[in-house]
Amino acid sequence: MTEVDLDHHRSGDAVTAELRADVVAGLTAAQKWLPPKWFYDADGSELFEKITQLPEYYPTRSEREVLAAHAGDVAELTGAHTLVELGSGSSEKTRLLLDALTGHGTLEAFVPLDVSESALAEAAEAISKDYPKLTVRGVVGDFTQHLNLLPDGQPRVVAFLGGTIGNFLPAERAVFLRSVREVLDEGEWLLLGTDLVKDPGILERAYDDAAGVTAEFDKNVLRVINARLGADFDLDEFDHVSHWDAENEWIEMRLRARRALTVEIPGADLTVTFTEGEHVRTEISAKFRPSGVEAELAAAGFALEHWWTDSQQRFGVSLARSVRG
């Protein structure tokens, strides 16, 4: 397989220090929490790919339907020379965009950015092999920290797919979208995938599948802490919980302690106690309404140009252009 150079912006020591800080902050809070980015070591990335194939997990299929129908429109409208994908994972859906943009004759470079080096390397090498005329430059980094290190190659379209924007709290979303706008020149593009508000039963099943794959994915954050910080989490002592918060219109994934227990985390110099039934929030996944997406994009400096949904109107993909601030 073709070798692809990766730009590294997350050294092992820096990752461990970042994890340590998040663990201390999250597990000493009154309502315990952990950031979802720590799901994604090699095992976590593989588990997430399995989730995307589950019958209950509609977002990937729904977004793929939209991209299959409108990737040509994206190519025609943007004429992009560079496609940047944030949180690229396997980049499987991105091939629809790559096919359309290369077919349009404008695309010169593909820049996937992901926190998981293993997933990024595999995807980047496969794409480099299948699209030999493209310059493929993988970036190992955190899209909340390293956007300013993305390469030029105007005009660019930044793709942030999968509904990952929903993992941010509203204030965090505003900061993130503004940071994307700040690295783009006026007239460059953001392609954003947003999961839409729908029946709570559909949502809760999507995040708590019958086969238990999502439960294993949720618990992977504890495996990561055990591996990197020497913690002694017993994964069997925690249950995965999926909960729809109707007021905030988001799904929460949580880990619930089966009994009172104490966990030692030597790498964070921390002892954490859990009461029976206590929850650790590991992810929120906000669901959106079209008017809200347009408003949040406008506040960040983007003009919504096109809005597309799948046939069941479960998932929205927006194409927005950066405008003068």
Side-chain angles (χ1 to χ4, degrees), residues 10-48 51 115-116 142 144-145 164 166-173 175 200 203-286:
R10 298 181 91 230
S11 69
D13 288 346
V15 171
T16 300
E18 188 179 337
L19 174 61
R20 182 185 303 115
D22 284 343
V23 164
V24 171
L27 296 185
T28 60
Q31 167 58 59
K32 294 182 175 66
W33 56 271
L34 290 166
K37 66 183 176 183
W38 299 114
F39 292 139
Y40 295 98
D41 64 352
D43 290 339
S45 296
E46 183 177 342
L47 283 166
F48 184 72
I51 287 171
V115 295
S116 173
D142 184 333
T144 66
Q145 301 176 30
T164 307
N167 293 154
F168 294 107
L169 292 166
E172 294 170 339
R173 285 201 303 269
V175 170
L203 289 166
E204 290 187 342
R205 287 190 295 274
Y207 291 84
D208 193 8
D209 63 279
V213 181
T214 309
E216 284 303 302
F217 176 69
D218 198 4
K219 292 181 182 183
N220 198 60
V221 69
L222 304 183
R223 292 190 187 91
V224 169
I225 296 170
N226 284 350
R228 281 200 170 268
L229 299 180
D232 60 358
F233 279 104
D234 182 345
L235 276 61
D236 291 335
E237 295 288 0
F238 291 86
D239 291 320
H240 165 70
V241 177
S242 170
H243 169 71
W244 170 244
D245 183 328
E247 180 179 355
N248 289 303
E249 295 191 321
W250 65 48
I251 281 280
E252 287 192 6
M253 293 208 318
R254 305 172 181 173
L255 293 171
R256 180 177 60 208
R258 292 183 174 179
R259 62 180 179 87
L261 59 121
T262 300
V263 175
E264 299 293 339
I265 310 178
D269 194 23
L270 187 65
T271 299
V272 183
T273 59
F274 296 86
T275 59
E276 180 179 355
E278 185 174 5
H279 288 206
V280 180
R281 188 179 73 192
T282 53
E283 180 180 273
I284 68 162
S285 185

Just by distance, do the side chain of [X] and the backbone of [Y] share a donor-acceptor pair under 3.5 Å?
| X | Y | result |
| --- | --- | --- |
| N167 | I284 | yes |
| N220 | R223 | no |
| R20 | L229 | no |
| E204 | W244 | yes |
| H240 | Y207 | yes |
| D41 | D43 | yes |

Quick one: pull up [atom1] in [X] and [atom2] in [Y] and give me the separation to the nearest 0.5 Å.
| X | Y | atom1 | atom2 | result |
| --- | --- | --- | --- | --- |
| I251 | N248 | CD1 | CG | 12.0 Å |
| L203 | D208 | CG | CG | 12.5 Å |
| L34 | L19 | CG | CG | 8.5 Å |
| E216 | L47 | CD | CG | 7.0 Å |
| W33 | L255 | CH2 | CG | 14.5 Å |
| D239 | R254 | CG | CZ | 13.5 Å |

Practice item. Applying side-chain hydrogen bond (donor to acceptor under 3.5 Å, both in side chains), name anything that partners E283, two or more places apart in sequence or on another chain. Key: none
Review point. Among all residues two or more places apart in sequence or in another chain, which pass the side-chain hydrogen bond (donor to acceptor under 3.5 Å, both in side chains) test with D22?
Key: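 Expected list: W38.
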Exercise for review: Please identify each residue that fulfils side-chain contact (heavy atoms from CB on, under 4.5 Å) with T275, with sequence neighbours left out.
Suggested key: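 By the side-chain contact (heavy atoms from CB on, under 4.5 Å) rule, T275 matches E278.
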Practice item. Could I get the full list of side-chain contact (heavy atoms from CB on, under 4.5 Å) partners for A211, not counting sequence neighbours? Key: D209, V213
Quick check: closest heavy atoms across [X] and [Y], and the distance to 0.1 Å?
| X | Y | result |
| --- | --- | --- |
| V272 | K32 | CG1-CE, 3.5 Å |
| L261 | R259 | CD2-O, 3.0 Å |
| G230 | P266 | O-CD, 3.1 Å |
| F274 | A257 | CB-CB, 3.9 Å |
| H279 | Q31 | O-NE2, 3.1 Å |

Exercise for review: Return the orientation label for the Y40 and F217 ring planes: parallel under 30°, perpendicular over 60°, tilted otherwise.
Suggested key: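 Geometry flag for F217 against Y40: perpendicular rings.
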Check your understanding: Pairs in or reaching into residues 225-235: which pass side-chain hydrogen bond (donor to acceptor under 3.5 Å, both in side chains), with residues at least two apart or in two chains?
Key ->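 side-chain hydrogen bond (donor to acceptor under 3.5 Å, both in side chains) check on residues 225-235 returns T16-R228.
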Exercise for review: Using the test ring pair (Phe, Tyr, Trp, His ring centres under 6.0 Å), find all partners of F233 that sit at least two apart in sequence or belong to another chain.
Suggested key: F238
**Study point:** Presence of salt bridge, D142 and K37, under 4.0 angstrom
**Key:** yes
Review point. Taking 4.0 angstrom as the limit, do E237 and K219 come out as a salt bridge?
Key: no
Practice item. Test side-chain contact (heavy atoms from CB on, under 4.5 Å) on L222 and V280 and set out the steps. Key: CA-CA 11 Å; L222 304 183; V280 180; over 6 Å; no
